[in-house]
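A quick write-up on the structure given underneath.
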Amino acid sequence: MKVLHIIFDNNLKSPVNSLKNITMLTSTTLTHRVITDQAVDLPEEQLISIALKQWNTISICNKFLNILFTEMPDIVHIHSCWNHNAAQCLRMAKRRGFVTFFSPYRDLQPTVMKIHFWTDKVWKWLWFQRKMLKQADYIFAQDEKEMMELYNLGRLQNIALINVLASRSEETTTKIVNTYISACEEKDARQLSIGLLRIIHKQLNLLIQGERPYSVTLPEHEQRQYNIFCHRQGLDKIMKGFRIKKYDSTEILDILLKSIKDFRRNLNRHKATFAEVFTIVAMMQNNDYDEDLLCGRLTKNKNMMFTRRIIAIADELCGVIPGFMPALPLKDATTEKMKLQILNRKNDN
């Protein structure tokens with residue numbers, strides 16, 4: 001899982017110390033990249049330095065979107081408050097379907113907001129800061145006092161109480177990783193519309209019939225959702241150039257049984273993807289083998305019902321022809337649960 005952190009601030013002490021702790025605690029589980037417009041004391045391989053002028057909307061849009069498209073992070077985490085460039089980055093990432101986090105570092109406390117309130121803070125609050133508070137999918141609060149202050153400002157849900165500055169324990173590490181993962185799962189479960197699912201259905205149906213998929217042109221927001229979903233489900237490589245392999249009639253059975261077994265193991269680990277479903281049904285539909293022998297071996301291995309559920313999921317996603325399958329699809333509550341589990345998969349890349 002990749003996290004893209006953003007720091008645009010004159011007061012860098014708290015965000016940089018927090019980032020040091022986050023990257024140190026989660027380096028084995030998460031990949032971190034940091035966008036900043038100032039010199040900061042962080043590992044050089046993590047930094048993406050960009051030169052920005054405050055209030056230059058066109059400049060920040062072009063530079064940030066180029067980085068966003070190149071890095072393709074799972075999460076965009078903003079570590080700056082009262083900064084217009086940071087607000088622009090959060091808005092653009094949110095509109096394109098990325099999961100967004102925001103850490104205010106107590107800069108929204110009443111005592112802080114009173115400083116230069118009428119000359120500086122009031123118009124920033126009305127223009128972009130209160131929008132940042134509402135737009136972020138999750139917010140990191142340092143303590144219960146800050147959490148209550150966020151409640152009072154109108155933020156009533158998805159506040160994670162994680163004091164990264166004060167604690168470096170294993171419990172804090174687990175909390176950070178679990179918060180990131182759960183946010184991604186919630187976003188994935190609701191981000192793909194029925195229209196986009198139909199497009200993917202047509203694309204995969206063409207591929208499974210041995211034809212070339214058509215190019216997809218969508219509105220910018222839907223295009224990002226489409227790209228993110230395909231990327232997280234392993235479908236992007238399949239869309240670019242999938243060639244159905246022809247196997248010998250004797251070896252295809254072993255390959256199919258191994259693929260089904262591997263898919264079941266990944267499903268139990270919450271790592272199964274729609275790409276695996278597509279590959280299994282593509283092999284079933286486009287190779288010659290003894291169907292009775294395959295069904296017999298599946299029954300012996302207690303995988304027959306599981307395989308029928310795979311075919312049902314593939315029928316919904318890819319539009320397979322049941323008559324060309326070794327068994328009829330089985331649509332029940334367990335099949336729906338499997339489909340949702342694939343959709344809400346954990347992404348550890």
Side-chain angles (χ1 to χ4, degrees), residues 1 185 188 192 197 200-213 229-349:
M1 177 182 286
E185 290 178 351
D188 273 356
L192 203 68
L197 196 60
I200 292 171
H201 176 103
K202 290 179 182 177
Q203 295 281 69
L204 295 180
N205 185 259
L206 288 172
L207 283 167
I208 214 167
Q209 304 302 328
E211 300 179 25
R212 188 175 180 180
F229 179 83
C230 290
H231 176 71
R232 288 180 61 78
Q233 293 296 340
L235 295 172
D236 48 355
K237 293 179 182 177
I238 286 176
M239 298 289 195
K240 287 178 183 176
F242 179 79
R243 296 290 180 270
I244 298 170
K245 293 184 179 179
K246 296 287 185 178
Y247 295 97
D248 185 78
S249 58
T250 53
E251 67 173 338
I252 183 62
L253 294 181
D254 294 328
I255 293 170
L256 275 172
L257 290 168
K258 184 180 183 302
S259 299
I260 292 167
K261 183 180 177 181
D262 291 344
F263 175 70
R264 188 164 201 163
R265 184 177 65 248
N266 287 338
L267 192 69
N268 292 334
R269 295 176 179 176
H270 295 264
K271 294 182 180 179
T273 64
F274 281 131
E276 294 175 88
V277 175
F278 173 82
T279 305
I280 290 170
V281 297
M283 287 193 292
M284 285 181 178
Q285 189 161 321
N286 293 278
N287 282 279
D288 295 323
Y289 54 88
D290 188 330
E291 293 186 358
D292 293 333
L293 184 57
L294 175 63
C295 291
R297 292 180 66 176
L298 287 170
T299 304
K300 185 179 179 180
N301 296 336
K302 298 181 180 179
N303 276 327
M304 189 63 199
M305 299 282 281
F306 183 73
T307 304
R308 290 179 63 192
R309 291 186 176 107
I310 292 175
I311 295 170
I313 294 171
D315 183 35
E316 185 173 337
L317 184 71
C318 313
V320 300
I321 304 170
F324 286 84
M325 292 286 104
L328 292 173
L330 175 61
K331 296 184 179 181
D332 58 7
T334 305
T335 305
E336 188 66 20
K337 186 178 179 182
M338 283 172 58
K339 188 184 77 173
L340 291 174
Q341 194 167 323
I342 297 168
L343 190 65
N344 297 336
R345 67 179 289 265
K346 293 180 181 178
N347 187 7
D348 297 329
N349 296 331

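Side-chain contact between Ile313 and Ile310: absent, with no pair of heavy atoms (C-beta onward) separated by less than 4.5 Å. Side-chain contact between Arg309 and Asp332 is present, with heavy atoms from C-beta onward closer than 4.5 Å. The side-chain heavy atoms of Phe274 and Ile200, taken from C-beta on, include no pair separated by under 4.5 Å. Proximity of Tyr247 to Asp254: side-chain heavy atoms (C-beta onward) are nowhere separated by under 4.5 Å.
Pairing each heavy atom of Cys295 with each of Pro326, the nearest pair is SG-O, 3.4 Å.
For the atom pair NZ of Lys258 and NZ of Lys261, the computed distance is 8.5 Å after rounding to the nearest 0.5 Å. To the nearest 0.5 Å, atom CG of residue Leu253 and atom CD of residue Glu291 are 10.5 Å apart. Taking CG of Leu330 as the reference point, atom CG of Asp315 lies at 12.0 Å (rounded to 0.5 Å). For the atom pair CZ of Arg297 and OG1 of Thr307, the computed distance is 12.0 Å after rounding to the nearest 0.5 Å. If you take CD1 on Ile255 and CE on Met283, they are separated by 7.0 Å, rounding to the nearest 0.5 Å. Rounding to the nearest 0.5 Å gives a distance of 9.0 Å between CD1 of Ile252 and CG of Leu294.
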Practice prompt. Dump the intermediate steps for side-chain contact (heavy atoms from CB on, under 4.5 Å) on Ile342 and Phe263, then the final yes or no.
Written response: CA-CA 11 Å; Ile342 297 168; Phe263 175 70; 3.7 Å; yes
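Within a 6.0 Å sphere centred on CG of Asp288, other residues, nucleotides and ligands contribute 12 heavy atoms or fewer.
Partner of Glu316 under the side chain to side chain donor-acceptor pair (under 3.5 Å) criterion, out of His201, Lys339, Lys331: Lys339 alone.
Checking Asp262 against Ser259 by side-chain atom types alone, no donor-acceptor pair falls below 3.5 Å.
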